[in-house]
Amino acid sequence: MRAESFFRELGADFYTGVPDSQLKALCDFLLDYYGTDPKHHIIAANEGNAVGIAAGYHMATGRVPVVYMQNSGEGNAINPMASLLSDEVYGIPCIFVIGWRGEPGVHDEPQHIYQGKITCELLDVMDIEYRVLSKDTTEEELRDWMSAWQKRILTGKSVAIVVRKGALAYDGTLSGNNDSNTDGAERFDRGDIDDGGVSVYDNYPTREKIIETIVRYSGDDPIVSTTGKASRELFEIRERDAVHVSDIHGKDFLTVGSMGHCSSIALGIALQKADRRVWCIDGDGAALMHMGAMAVISNAAPDNLIHIVINNGVHETVGGQPAATRNMSLKKLSESMGYACSYRAESLAELDIILKKITSVERTERQGGPVFIEVMSSPGSRDDLGRPTTSARENKEAFMRFLS
């Protein structure tokens, strides 16, 4: 089904959520149609954040919003779904559009397998009636679903459409009769534009070169890397540079799931391994998703933790949609959170200077707390970037052996 047709049959004029590769067609359509006009479309920090925004929209307008997410985000959304939206509490209806990663019988990455198995069960438990959208679903069928759901929606109950792989398509050309008001909507761009018409982010080094620089300085220290392409690049850098088999992957914990939590994992390690320096390679979208972790890190004050956020201004792994971090200084944020030292690098040369400094000084000179580095990066990755060839459990066990 074309994304335009899907959009038209839902009949909503407000969407909020977290981008998902399974929903890329819908996300791209929304960015072309609404841009980032906050009256109609908000890319949220996390799925629970999106549910809260949607609830506010409904109470202000009386209309029904759409919340989109990958099924991995159901966990983030369950609390506000149960304690805010539920018809046993406030009775605020939403239409959920959920990308089904890890659907049983469909090959996917290991972090999606169990979540895929329980996706529909969680909706059943939450009393959210759902239908599954596939490549064969027709516009008439979707129209019938929406018609049948009107009574539930009027009583304050939410509904959901679980989207199978490839069920939605969009070729980048707007078509069809869209009735929603788009007056004042901003057209989407992929970065701040300089006078030459080139994204400012394109002037920054690639994430892979940044990670190569970090690896050069981390030596035998453990690294915790975030969900998505950063972990994939770190894995391939280790494969390429390994001298002995034992050197390859034991030093790194590749956080293939639980987006936004790698800094919390790194904190848990740093506090228990106080004699070792621990590195965290984070992403801007991931850091934004659970930003409270930064306050907890600062409060715990481990002087052996180096928290690096690579900021390319987009949710790259799921399609390059803009992240709210493009209008923020993460360095200033970390300072206000109370990190002992905060830096920002816009080139490999600047990063080299910072890493040389923080790895050469004694820990007592770092004022007794964690180090934060925001590194600006261009979006994009190699076309031939692979995926880890070891399983998640193998990675964990090798990492634990290394730590012990």
Criterion side chain to side chain contact (heavy atoms under 4.5 Å, CB included) on I211 and I237, from CA distance to verdict: CA-CA 8 Å; I211 295 173; I237 289 167; 3.6 Å; yes
Short N-O contact, K209 and E212, less than 4.0 angstrom: yes
Smallest separation among heavy atoms of N49 and A44, with atom names: OD1-CB, 3.3 Å
N312 side-chain N/O to P379 backbone N/O, donor-acceptor pair under 3.5 Å: no
Test log, rule side chain to side chain contact (heavy atoms under 4.5 Å, CB included), inputs R152 and V159: CA-CA 8 Å; R152 288 183 63 86; V159 297; 4.2 Å; yes
Evaluation steps, side chain to side chain contact (heavy atoms under 4.5 Å, CB included), between S381 and E208: CA-CA 8 Å; S381 62; E208 189 163 11; over 6 Å; no
Heavy-atom closest pair, residues P19 and I43: CD-CG2, 3.6 Å
Interatomic distance, I98 atom CD1 to D20 atom CG [nearest 0.5 angstrom]: 10.5 Å
Working for side chain to side chain contact (heavy atoms under 4.5 Å, CB included), residues I358 and Y217: CA-CA 10 Å; I358 66 174; Y217 280 93; over 6 Å; no
Smallest separation among heavy atoms of E236 and D384, with atom names: OE2-O, 4.4 Å
Rounded distance (nearest 0.5 Å) linking atom CH2 of W145 with atom OH of Y130: 11.5 Å
Residue pairs involving residues 56-82 (criterion salt bridge (Lys or Arg N to Asp or Glu O under 4.0 Å); sequence neighbours excluded): D13-R63
Basic-acidic side-chain contact under 4.0 Å: R8, E139: yes
Heavy atoms of other groups near K331 NZ, more than 12 under 6.0 Å: yes
Between CZ on residue R238 and CD1 on residue I223, distance to nearest 0.5 Å: 4.5 Å
Donor-acceptor pair between W100 and Q22 side chains, under 3.5 angstrom: no
Minimum heavy-atom distance I161-L133, with the two atoms named: CG2-CB, 3.8 Å
Partner of V375 by side-chain contact (heavy atoms from CB on, under 4.5 Å), out of N311, I308, I281: I308
Heavy-atom donor-acceptor pair, S360 side chain to K357 backbone, under 3.5 Å: yes
Salt-bridge criterion met for D221 and R276 (N-O under 4.0 Å): no
Aromatic plane relationship, F29 with Y170 - under 30° parallel, 30 to 60° tilted, over 60° perpendicular: perpendicular
Atom pair OG1 (T213) and CG (D352), whose distance is rounded to the nearest 0.5 Å: 7.0 Å
If you look only at distance, which donor and acceptor atoms sit under 3.5 Å apart when one is on a side chain in residues 80-97 and the other is two or more places apart or in another chain?
residue : atom : partner : partner atom : Å
S83     : OG   : N79     : O            : 2.7
S86     : OG   : E88     : N            : 3.1
D87     : OD2  : K157    : NZ           : 2.9

Approximate separation, where rounding is to 0.5 Å, of H112 NE2 and K117 NZ: 15.5 Å
Closest non-hydrogen atom pair between I354 and A345, with its separation: CD1-CB, 3.9 Å
Rounded distance [0.5 Å steps], CD1 in I353 versus OG in S347: 7.5 Å
H41-Y34 aromatic ring centre distance below 6.0 Å: no
Donor-acceptor contacts, no H, no angles, side chain residues 336-343, under 3.5 Å, sequence neighbours left out:
residue : atom : partner : partner atom : Å
S336    : OG   : L333    : O            : 2.7
Y339    : OH   : H307    : ND1          : 2.9
S342    : OG   : S334    : OG           : 2.7

K396 atom NZ: more than 12 heavy-atom contacts under 6.0 Å: yes
